[in-house]
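Take a look at the structure below.
In what follows, chains carry the letters A, B, and so on, assigned in the order in which the sequence lines appear, proteins first and then strands, with residues in each chain numbered from 1.
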Amino acid sequence: MRGIAPLVGQSVSHVIIRHPTLRWPIPSHLVETLPHARLNRLTRRAKYILAAFNNAEGVHIGTLILHLGMSGRICLLAQDEAAAKHDHFDIHFADCQVLRLRDPRRFGAVLWSDGHEGVADHPLMKTLGPEPLEPDFTGEYLYRQLRNKTAAIKIAIMDSHLVVGVGNIYASESLFRARINPKTPANKVNKAKCDLLVAEIKATLASAIEAGGSSLRDFFGADGNPGYFQQTYFVYGRTDEPCRECGAPISQIKQGQRSTFYCAECQR
DNA sequence: AACGAGACCTGGCAGC
DNA sequence: TGCTGCCAGGTCTCGT
């Protein structure tokens, strides 16, 4: 979202939909709706980028909802250039800048929320849990939410209805930092550990944001440059490598069909 | 209500 | 060189 901030205030000239079938179909009416509209504000909720547009008279007309899925990337081009294989969606602006969505796996989404109801009322936003970095995400809140859950704690903190933003990498990393075994039934995590886990989720995400996001094969910032340090993880992707704390080999298991990494010595 | 599995889709890589 | 099988950042939907 920060990468496309230079587009705020710009007017749309035209929209190109090349491959409309992402996770959900890209609304075809965007081709008529967006031209002449002005990008008024960029915000974020969970992993959705929200782009609010005004019409030429300055009246709010609706909000574009963008999600990058697993492999999505937003490119901000200074001017038009030839589209590549997985470039599915463009917004061309009057000053010749182009916002381009590239997403090989097409798990991402481009949706539209009408101006008549706030984007917060969109079905996908309605059921989301709190933002992890906001003050309402507390140990007390987490502890209460876990009371009736028998699923593993790692599965629980990745549930966006409980808290948003904790993906597969940072779930493993946060649990290591809190010294909690990812297999622990959620309702067996005590209040003190919930306090610690919330603090470590906040610290893990905050430092990842500081580093500019995770350096992954097909993710780059909007300008196309990684522009940040390669992050070093405590456990993620470090199967059989020595724990940075105790030297024991890092374990890899499957939970909910996703890989989990942890240190069996440090995380009891 | 909560849980687990399946679904969506492409590309990269290891092994044969 | 080519094939097969497995892996990958997310999260909705469905059956139990």
What interatomic distance, in whole Å, is found between P of dT11(C) and the corresponding atom of dG11(B)?
22 Å
Side-chain atoms of P104(A) come closest, of dG11(B), dG10(C), dA8(C), to dG11(B)
**Prompt:** Under 3.5 Å, is there a donor-acceptor pair linking the side chains of Q255(A) and T260(A)?
**Reply:** yes
To the nearest angstrom, the OH-P distance between Y48(A) and dG10(C) comes to 12 Å
Taking side chain as C-beta onward, heavy atoms only, is Y141(A) less than 4.5 Å from P130(A)? yes
Give me the ring orientation class for W112(A) and F53(A): parallel if the planes are under 30° apart, tilted from 30 to 60°, perpendicular past 60°.
tilted
With the side chain defined as heavy atoms from C-beta on, Q257(A) is closest, among dG9(C), dA5(B), dC8(B), to dA5(B)
Among the nucleotides dG4(B), dT11(C), dA8(C), whichever has the atom closest to the side chain of K254(A) is dA8(C)
inquiry  = Please report the distance separating the P of dC13(B) from the corresponding atom of dG9(C), rounded so that it comes out in whole Å.
reply    = 16 Å
dG11(B) OP1/OP2 closer than 4.0 Å to side-chain N/O of H86(A): yes
### Test: D121(A) and K126(A) ion pair at under 4.0 Å
yes
- Query: So does T150(A) get a side-chain nitrogen or oxygen closer than 4.0 Å to the phosphate oxygens (OP1/OP2) of dC3(B)?
  - Reply: yes
Original post:
Stacking between F107(A) and the base of dT11(C) (centre distance under 5.5 Å, interplanar angle under 30°)?
Top reply: no
Taking dG4(B), dG10(C), dC9(B) as options, the one with an atom nearest any side-chain atom of R105(A) is dC9(B)
From CG of N148(A) across to P of dA2(B) the rounded distance in Å is 4 Å
Looking only at dA2(B), dG9(C), dG4(B), the nucleotide nearest the N168(A) side chain is dG9(C)
Report yes if a side-chain nitrogen or oxygen of R106(A) is closer than 4.0 Å to either non-bridging phosphate oxygen (OP1 or OP2) of dT10(B); otherwise report no. yes
| query | Are OP1 or OP2 of dG9(C) and a side-chain N or O of R258(A) less than 4.0 angstrom apart? | reply | yes
query = Just to confirm, is there a sub-4.0 Å distance from OP1 or OP2 of dA8(C) to any side-chain nitrogen or oxygen of S259(A)?
reply = yes
Whole-Å distance, I74(A) CD1 to dG9(C) C1', equals 15 Å
From the candidates dG10(C), dC12(C), dG4(B), the one with an atom nearest any side-chain atom of L124(A) is dC12(C)
Side-chain donor-acceptor pair present, R102(A), H88(A), cut-off under 3.5 Å: no
